Each structure stands twice: as C-alpha cells, then as structure tokens.
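Taking it in order: structure first as structure tokens, then the write-up.
FYI, side chains are in, hydrogens and waters are out, and symmetry mates aren't considered; it's all heavy atoms of this structure. Just so you know, these numbers come straight off a predicted model, no measurement behind them.
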Amino acid sequence: SVGRSLGKNTGHVIIERHPELKQWFSFHDFGDIVASASLAHDIGNPPFGHSGEQAIGDFFNYHSKADLFQNQMSPMQWQDLTKFEGNAQGFRILTSNKYQGLKLTYATLAAFSKYPRPSIIERDKNKRSQKKFGFFQSESQTFEEIANSLNLNQANNNPNVWSRHPLTFLVEAADDICYGIIDLEDGCRLGLISYAEMEELLAPILGDRFDRKKIERYNSLEEKIGVLRALAISKLIDECTELFLEKETALLNASFDRALTDEISSVNALNDIAAVSLEKIYRAKKVVETETVGFEVLPGILEVITDAVYQRFCDADRLTGRQKSVLRLIPNHYYPENGNEGMNLYQLFLICTDFVSDMTDSAALSFYRKIRGIELPKG
C-alpha cells in the first residue's frame, strides 16, 4: 500500500506535467508498477534473511573444494556465488520460465531492480544504485534486453552497468519507510522498546501532526501504536513524493542517485530510528539466535546437495547411494526441460541455491534435520 500510494501520488502530478502521456498512461499505472515491484522486493531473500545471504556466500568461499569450484567458472560467476545476493536471486525468480504465473512488464522488472549491475565492477560508492548487485551472470542478457528496451542510461561507461529506472527510487522509498517504521512498531508490540520511546522517535517526523492529547483518547496501547505508525508513514510518503517530483529531471537523466529517504527533511529522525532498531530489535537475543541457526542450517544443506551435484558433474558413474538419493530430493522443475544435460557447474550450483532460497526458515530447518538423520519425515 505504501508503494501504491507513492506511485499514484507522483504519477498524478507527472501526468499533469506531461499531458502527452495521457494517451498511453494513467496515474494508476504508476501506482500499479510501484506496488507490484514493492510487493516482490523480498522474493529472492533466502531463509534467515541477510544472514542467510552471507551463510550461502561463506559456504562457497570457504568450502574445502573452493579452488576446484572456482576453476570451473569465470570470476564474475564465482563472485555471484561467494557474494550471494537476494536482489539478484529475486530478479532470477521473476524472470524464470518456471514461474509461468508471473508475466511482469519490463517497467515493473526494472522498477524492482534497485541495483542494476553485475557482481563485479569498479563500484562508485557515491551511487546508491551500485551499493549491491542486482542480477547474476545467468540473467545478464535478460537484464540487458530490459535496459535497452527502456532506454536506461549506462553508468561508468561500463556496458554492463545501468542507471536505475526512475520508479525504482519509489520502490526503495517504500521499503525504507516500512523497514524503519513497521519494524519499530513490531519492536514496541514485542516489548523490545517502550511506547514512550516509540512516541519520542516518531514525534520529529510528525511535527505539527503530532498531538499527544488526540492520541491519548485511544484506550488501548495497540490503537495508539497503530495511529502513530499510520501518521508517520503518511508524512514520509508526502516527503518522498515531494522530493521525487522536485528531482524529476535529475532522475530521468540519472544525475540523481541517492535514496529518497536520505534527502528528505525527516532523514535525521529515520537515522535515529535505525540506530535504536539496530541496538534493541535487530540485535535482540532471539534475532541473533535465529541468525546463528541459519549459519549452521544453510551450509549444512548446501554441503549435502552440492556434494552430490558436483560428483555427478565430475563422474556420474561413481555416485554413491546417498548422493543419488539426495539428487532425487531436488524437484525436476528446478532444471530446464532437458534436465541437467550440458549444464556447467555454475548453472548447477545456481539450481542448488534456487532450491535452498525457496525455503522458509522452518522448512530449511526441517529439511536439514532430515538429511542429517536427526529426524524422520512425518506422516
């Protein structure tokens, strides 16, 4: 809903500024694109979130056979695995033939792509769009086709790096707003921070809209928290909308490459929220314990399945019974129609990460226990 509001608010003004667009678009189209991309923005995240990304990357980087794996790949392909990135995995999912229900437009796919670059470049740290990477080598041609179709500007005189689609900035803003405010709300509901502290953190964002007497009229703490959250999100949407429209020309010519939430008047308040959230929410004991579980579970799963995949790649005649059983656990839909015929090791290992990334935390833990012989399947 935050993404849709940002898209519709800005789209309405842009259509008014450029009436020639009315024959092709309405402001609802802007809302639909930003809402769709916002809804999909976390689709590529593996189990255990960002710690899961690091766990996958660490597995390949520090594996006992890392040198053997690396010798089978280009530097870019190896970087894709050792710096595994959920944004690139998301783009892979959204453009994969196996997900036939997703027929997204190029504009939606481009708006989704916050980091329109491959894994290895000489990164410009002043550009938000180059903070991470947004597509694996396996999808590089697909992204190039999208970029060329939408006339995205190439960055750094590098044929493999592009500027963002302008609507990407709204998708990122929606994520930043929700990440900051809703996580703070959740932390308050869970008792990790007090209501008084939440109120103090949100008051600078609300400014004149903050009226403690009106909020006190609500009887329950739940209602007070919800009202504060809604008011803060509404104010941040207004600020990001205003800035986007102010920067329209710079966004179109790619001379603006910052997060909108880093430039709005509430930036200091958002930074304060981020600092408190990091200390009291993201580093809460339960959260850290869950992250630690991920560093055990994901490498444990990958160790078993990549061992079988690598053995089949090197010498299928010497597969053990266990390895054959493990290979049968990977559903056929992860492979092309012709199976694994002619696939290189990079492509095969991406299938392994596809398989793992599609799991939830609990599903990954359950699968780990089964393949390690800790528990038997139920039913």
Aromatic ring proximity F355/Y334, centre distance under 6.0 Å: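 Close enough - the centres of the two rings lie under 6.0 Å apart.
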Distance flag, aromatic centroids of H41 and F112, threshold under 6.0 Å: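 Judged by ring-centre distance (under 6.0 Å), F112 and H41 do not meet the cut-off.
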To the nearest 0.5 Å, tell me how far [X] [atom1] sits from [Y] [atom2].
X	Y	atom1	atom2	value
D176	L236	CG	CG	10.0 Å
L21	I15	CG	CD1	5.0 Å
C352	L302	SG	CG	7.0 Å

[X], [atom1]: over 12 other non-hydrogen atoms inside 6.0 angstrom:
X	atom1	answer
E375	CD	yes
N71	CG	yes
R17	CZ	yes

Answer yes or no: is there an ion pair linking [X] with [Y], defined by an N-O contact shorter than 4.0 Å?
X	Y	answer
E172	K114	no
R209	D238	yes
E216	R212	no

Ring-face cation of R117 near F135 (centre distance under 6.0 Å, axis angle within 45°):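 No cation-pi geometry.
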L104 reachable from V171 in the ILVMFWY side-chain graph, under 4.5 Å edges: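 Each belongs to a different hydrophobic cluster.
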For F136, the option from F91, W78, F84, Y346 that meets ring pair (Phe, Tyr, Trp, His ring centres under 6.0 Å):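 For F136, the ring pair (Phe, Tyr, Trp, His ring centres under 6.0 Å) check succeeds only for F84.
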